[in-house]
Amino acid sequence: TSFPLICQNTLSLPPKGDCRIGTLSYMVTVVLGAQWGDEGKGKVVDLLAMDADLVCRCQGGNNAGHTVVVDSVEYDFHLLPSGVLNKKAVSFIGNGVVIHLPGLFEEAEKNLQKGKGLEGWEERLKISDRAHIVFNFHQAVDGIQEQQRQLQAGKNLGTTKKGIGPAYSSKAARNGLRVCDLVSDFTVFEEKFRVLAEHFLTMYPNLNVDIDNELQQLKEYAERLRPLVTDGVYFMHKALTGPSKKILVEGANAALLDIDFGTYPFVTSSNCTVGGVCTGLGVPPSYVGRVYGVVKAYTTRVGVGAFPTEQDNEVGNLLQSRGREFGVTTDRQRRCGWLDLILVRYAHMVNGFTAIALTKLDILDTLSEIKVGVAYSVDDEPLPSFPANMDVLTRVSVKYETLPGWCCSTEDVRCFEELPPQAQSYIRFIEDFLQVPVKWVGVGKSRESMIKLF
């Protein structure tokens with residue numbers, strides 16, 4: 001039986017026998033955080049983005065914070081992909097991202113004032129028409145919800161109050177508004193916006209919303225946004241199946257903050273593991289190639305929640321001060337502790353890391369001995385896996401391996417062989433435990449300080 005060809009020219013699927021599906025060089029490279037965030041993903045993305053053709057964000061919002069240092073200029077990104085500094089690459093914000101438009105344009109303006117890296121950013125940025133919008137009242141609701149949690153349970157989630165959770169709630173409740181709504185008929189958009197605002201006002205009577213003023217702002221943003229908006233599915237399809245492109249995906253947040261696999265409920269509201277790449281960009285799983293997990297040489301966490309290897313002592317203070325552990329988005333001080341390899345191994349189970357980028361090794365330079373968490377137990381019973389229940393995680397005892405420190409500076413080292421033998425042993429210990437190779441080691445802030453091992 002023969003079937004008619006329908007929409008023959010709509011899709012450009014790879015021809016039979018095309019090498020692109022089976023060859024890593026033609027596939028999507030993904031960079032993901034392997035701990036609780038703040039691992040230094042921006043630096044790794046910046047390194048890889050130097051020769052990328054397309055750099056994508058697939059989830060999260062301006063609750064993310066990535067710092068990139070180029071030519072001694074420190075850029076802070078929250079919504080923009082770190083690859084936007086590469087003037088030869090296109091940056092793409094996918095449908096899985098929730099976008100606060102004032103935050104997006106303010107971020108661009110602030111970084112433009114720092115240096116020339118962001119010049120012409122609007123000419124090389126594309127935004128999916130299916131991405132949901134974070135409104136000002138989403139941010140206000142985020143703050144109210146945190147206050148309620150504090151009053152009701154004496155414990156909040158430690159959100160960034162950027163409206164991310166409420167925006168994803170609107171998305172799941174199917175009353176959210178997307179970029180395609182904003183750049184279409186504004187009269188229809190306005191009607192839907194008023195309904196959504198009234199919905200939140202009903203739920204939170206004390207909420208202060210200036211509906212008319214925000215609508216006026218959104219109308220102005222719509223005109224500025226319109227040239228950047230594209231059909232994200234078709235855009236990614238052309239990138240994947242057209243002439244060969246190097247495509248890089250920059251994950252926001254990290255594995256232990258994933259809505260499904262993280263330390264729930266102290267998590268973010270999106271999938272920041274590898275599955276979020278497919279759903280947040282419209283990329284078929286067969287196109288995902290290398291998956292790089294970014295691991296800090298110790299562990300940090302912002303806000304509340306269980307933290308088995310936390311060092312609330314002189315060691316933690318030293319890591320905090322030497323590592324300048326303050327959140328890019330919130331400026332909150334990060335809690336610090338020893339490297340937890342049980343946690344990283346769990347992240348590897350979910351993501352299937354091809355290789356590891358180990359960052360901030362130089363922060364350990366002054367320690368005479370370094371501990372690494374290698375096993376959990378509860379009431380003297382070993383745990384075979386990372387627990388889902390946070391009440392259990394707060395009760396775990398950690399078994400440590402103690403390794404010798406190197407007590408000298410590694411900041412000027414630029415090849416693996418120049419690292420002190422003890423530092424080399426620390427890296428090999430991590431590789432052996434995870435059974436994943438370490439591809440880069442970071443010993444400073446700039447991209448030049450990333451030592452490539454292979």
Side-chain angles (χ1 to χ4, degrees), residues 28-46 48-49 52 54-68 75-85 91-100 103-104 107-108 111 125 127-128 131-134 142 158-165 167-168 171 232 247-263 266-281 283 288 291-296 300-303 327-330 332 334 347 350-351 353 357 359:
V28 175
T29 296
V30 182
V31 176
L32 300 171
Q35 294 155 300
W36 275 297
D38 311 306
E39 301 94 350
K41 297 181 290 297
K43 187 192 306 178
V44 179
V45 170
D46 178 53
L48 293 172
L54 176 61
V55 185
C56 311
R57 272 283 306 273
C58 63
Q59 45 71 225
N62 60 340
N63 58 333
H66 297 165
T67 301
V68 179
Y75 298 94
D76 293 330
F77 295 117
H78 302 274
L79 270 168
L80 291 168
S82 301
V84 75
L85 293 171
S91 290
F92 179 57
I93 297 177
N95 60 275
V97 180
V98 289
I99 304 173
H100 183 243
L104 174 69
E107 176 184 329
N111 282 294
L125 177 69
I127 298 174
S128 171
H132 277 252
I133 302 172
V134 180
D142 206 351
T159 80
T160 58
K161 300 179 184 177
K162 296 292 185 181
I164 308 304
Y168 277 115
K171 178 178 179 177
I247 301 173
L248 178 64
V249 180
E250 171 184 5
N253 315 114
L256 274 296
L257 295 174
D258 185 277
I259 186 69
D260 285 297
F261 301 108
T263 47
F266 304 104
V267 293
T268 192
S269 301
S270 62
N271 285 113
C272 29
T273 43
V274 71
V277 174
C278 299
T279 58
L281 292 172
V283 170
V288 176
V291 181
Y292 295 131
V294 186
V295 179
K296 194 179 286 186
T300 62
R301 181 166 195 179
V302 174
V328 177
T329 301
T330 62
R332 289 181 294 182
R334 298 176 188 138
V350 175
N351 291 295
F353 296 133
T359 61

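Keep in mind that this is a model prediction, so the values were computed, not measured.
Here the side chain of Glu250 pairs no donor or acceptor atom with the backbone of Val31 at under 3.5 angstrom. Between the side chain of Asn111 and the main chain of Glu107, a donor-acceptor pair closer than 3.5 Å is present. With hydrogens and angles ignored, the 3.5 Å screen pairs a side-chain donor or acceptor of Thr359 with a backbone N or O of Glu39. Without hydrogens or angle criteria, Asn63 side chain to Ile164 main chain gives no donor-acceptor distance under 3.5 Å. A distance-only check finds no donor-acceptor pair linking the side chain of Gln59 to the backbone of Gly251 [under 3.5 Å].
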What do the steps show when you test Asn351 against Thr273 for side chain to side chain donor-acceptor pair (under 3.5 Å), and what is the final call? CA-CA 6 Å; Asn351 291 295; Thr273 43; 4.6 Å; no
| message | The test is side-chain contact (heavy atoms from CB on, under 4.5 Å); show your working for Val249 and Leu281 and say whether it passes. | response | CA-CA 9 Å; Val249 180; Leu281 292 172; 3.7 Å; yes
side-chain contact (heavy atoms from CB on, under 4.5 Å) assessment of Leu85 paired with Phe77:
CA-CA 10 Å; Leu85 293 171; Phe77 295 117; 3.8 Å; yes
key: Steps toward side-chain contact (heavy atoms from CB on, under 4.5 Å) verdict (Leu80, Leu104)   = CA-CA 7 Å; Leu80 291 168; Leu104 174 69; 3.8 Å; yes
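At a threshold of 4.5 Å between non-hydrogen side-chain atoms, the residues Asp258 and Thr268 do not count as touching. A 4.5 Å side-chain heavy-atom check between Ile247 and Thr29 finds every atom pair outside the cut-off. Within the 4.5 Å cutoff, the side chain of Ile259 has no heavy atoms near those of the Cys272 side chain. Using a 4.5 Å cut-off on side-chain heavy atoms (C-beta onward), Trp36 and Val302 make no contact. Looking at heavy atoms from C-beta onward, Gln35 lies out of side-chain contact with Thr300 at the 4.5 angstrom threshold. Counting only heavy atoms from C-beta outward, the side chains of Val288 and Cys278 approach each other to under 4.5 Å. Considering only heavy atoms from C-beta on, Leu79 comes within 4.5 Å of Ile99 through its side chain.
Interatomic distance, CG of Leu48 versus OH of Tyr292, reported as 6.5 Å (0.5 Å rounding). In this structure, Phe266 CZ and Leu257 CG are separated by 12.0 Å, a value rounded to the nearest 0.5 Å.
Asp142 and Gly163 make their closest contact through OD2-N, 2.9 Å (heavy atoms, listed as atom of the first residue, atom of the second, distance). Lys41 and Asn253 get closest at one heavy-atom pair: NZ-O, 2.9 Å. Taking both residues in full, the closest heavy atoms of Ala347 and Ala34 are given as CB-O, 3.5 Å, listed atom of the first, atom of the second, then distance. Scanning both residues, Val97 and Gly61, for their nearest heavy atoms gives CG1-CA, 4.4 Å. Residues Gly83 and Ala49 come closest through the heavy atom pair CA-CB, 3.8 Å. The two residues Ala167 and Val134 make their nearest non-hydrogen contact at CB-CG2, 3.7 Å.
Taking Tyr168 as the reference, nothing meets the ring-ring contact (aromatic ring centres under 6.0 Å, His included) condition, with sequence neighbours excluded. With sequence neighbours excluded, the residues forming a ring-ring contact (aromatic ring centres under 6.0 Å, His included) with Phe92 are Phe235, listed by chain and number.
If you check the side chains of Thr279 and Asn271, you find no donor sitting under 3.5 Å from an acceptor. Arg57 and Ser82 form no side-chain donor-acceptor contact under 3.5 Å, judged by distance and modelled atom types alone.
Comment: Asp38 engages Arg334 in a salt bridge, judged by a side-chain N to carboxylate O separation of less than 4.0 angstrom.
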